Structures are given as C-alpha cells and as structure tokens.
K.L.:
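The structure under discussion is supplied below as structure tokens; questions concerning it will follow.
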Amino acid sequence: MPHWILAVAASSDSNPFQSVLDFFTSPTWHFITLMFYFLLVVLWIACAYWVFKDARRRVDDKVILEVCVLTGIVFGPLGLIVYAIVRPPELVADRREQELEMQMMEQRLGEESRCSFCKTPVRDDYLVCPTCGRRLRTTCASCGKPIEPNWRVCPYCETDVHGAMPPVSVYDRA
Ligand SMILES: [Zn+2]
Ligand SMILES: [Zn+2]
C-alpha cells in the first residue's frame, strides 16, 4: 500500500480515502486476495497437468518429456504457451502408424521381383538389371516387347518365341 494513503488516512478522520483504506484492510479484501492466489495455483496446476498430458502423447523421449513437464510446472501458463509453440506437431500414435505404413510399403516393395544376381529391385518390364547389367529377360523379335525366358509365345503379338530366343547366358554381363 502506498505511503501517501497511510499519511492521508492518519492526518484526518474524514478523508475520502478512509473507506478505500478500510476496504483494503477488511476481511473481504483478504478473502479476495486468498481467492486470487487460490485460482492462480489452480491455473498453474491445470497448465502443468495439461502440458504433462499432451507431452505424454507427443514425446517419445523420456528426457524431453521431463523437460516439457518441468517447463509446465516451473513456468505455469507461460510454460504452456512456450510448450504449445515448440511441441511436436504429430502424436506418437500417429507417428507409429506412419512408420508401420512405411514398413508395409517397404515389404510390398520387397515382394517385387529382384535381380537374381545383385538383389536390386527390378520392374517387370526391365530387360537388364540397372545395377549389375545382368540380363533379366529378352525382347520379342517380332514386336520388341519384353518377354520372360520361360514364355513360349509372345503374349503381345502371338509370335512363337520359345525356339527363337537366344540363350540367356549370351547376354550375361556379370
Ligand atoms: Zn543385378
Ligand atoms: Zn511379340
């Protein structure tokens, strides 16, 4: 409380600040102050708890999680704002799901045909392995489309390719 209020209050009984002074020393003011502190504490705890709850779903690393929770406890509402700005954008569960999807995609890729020599993934229409140059399949003499070594007839132009196909080893460059 400023000193001049006390000085004025002491100098005269009928000063206009007397009621104000009375209010600040009254139990009502004491109660309001208490309520204010109480609400501040509640707000503080709520902020810290929210940070803890949110960080638990977003942060995988234990140390970073502890730092987040500590920020929420020490800085309260301010910590919450800082955390909300720097928190990871996605949930741990979402990230796991993405990783799983990636793994499944990689597995699907793995099921695709590979070069028998160097295991490079190759497409069905590759004639040679792009990595080691080994011949994977030959082309139809009539239409030029890629055909498998075990095919007897070209599926694109119906040409008999079984006998006409040169031995695969001729094309082996490995
Ligand atoms: Zn290869
Ligand atoms: Zn053909």
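Atoms within each ligand, like the ligands themselves, are counted from 1 in listed order. Along the sequence shown, the residues carry numbers beginning at 1. Nothing here was measured: the structure is a model prediction, and the numbers come from that model.
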K.L.:
Taking the six-membered ring for Trp, are Phe23 and Trp29 parallel (under 30°), tilted (30 to 60°) or perpendicular (over 60°)?
P.N.:
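Plane angle between 30° and 60°, so tilted.
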K.L.:
If the threshold is 4.0 Å, N to carboxylate O, is there a salt bridge linking Asp60 and Arg96?
P.N.:
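Salt bridge between Asp60 and Arg96, a charged N being under 4.0 Å from a carboxylate O: yes.
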K.L.:
Whether the side chain of Arg123 engages the backbone of Asp125 through a donor-acceptor N/O pair (distance < 3.5 Å, no angle test) should be reported.
P.N.:
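No, the answer is negative, given that no donor and acceptor are paired below the 3.5 Å cut-off.
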K.L.:
Within rounding of 10°, what is the angle whose vertex is the Zn ion (ligand 2) and whose arms end at SG of Cys157 and SG of Cys140?
P.N.:
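Between SG of Cys157 and SG of Cys140, the angle at the Zn ion (ligand 2) is about 110°.
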K.L.:
Begin from the C-alpha positions of Phe75 and Tyr83 and carry the test side-chain contact (heavy atoms from CB on, under 4.5 Å) through to its verdict.
P.N.:
CA-CA 10 Å; Phe75 298 105; Tyr83 166 76; over 6 Å; no
K.L.:
Using a distance-only test with no angle check, is there a side-chain donor-acceptor pair under 3.5 angstrom linking Gln98 and Asp94?
P.N.:
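Per modelled atom types, Gln98 and Asp94 side chains form no pair under 3.5 Å.
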K.L.:
Quick test of your reading of the model: are Arg87 and Asp54 salt-bridged, counting only N-O distances below 4.0 Å?
P.N.:
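A salt bridge links Arg87 with Asp54.
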K.L.:
Report the protein N/O/S neighbours of the Zn ion (ligand 1) that fall below 2.8 Å; do not count waters.
P.N.:
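Listed by chain and number, the atoms are Cys115 SG, Cys118 SG, Cys129 SG, Cys132 SG.
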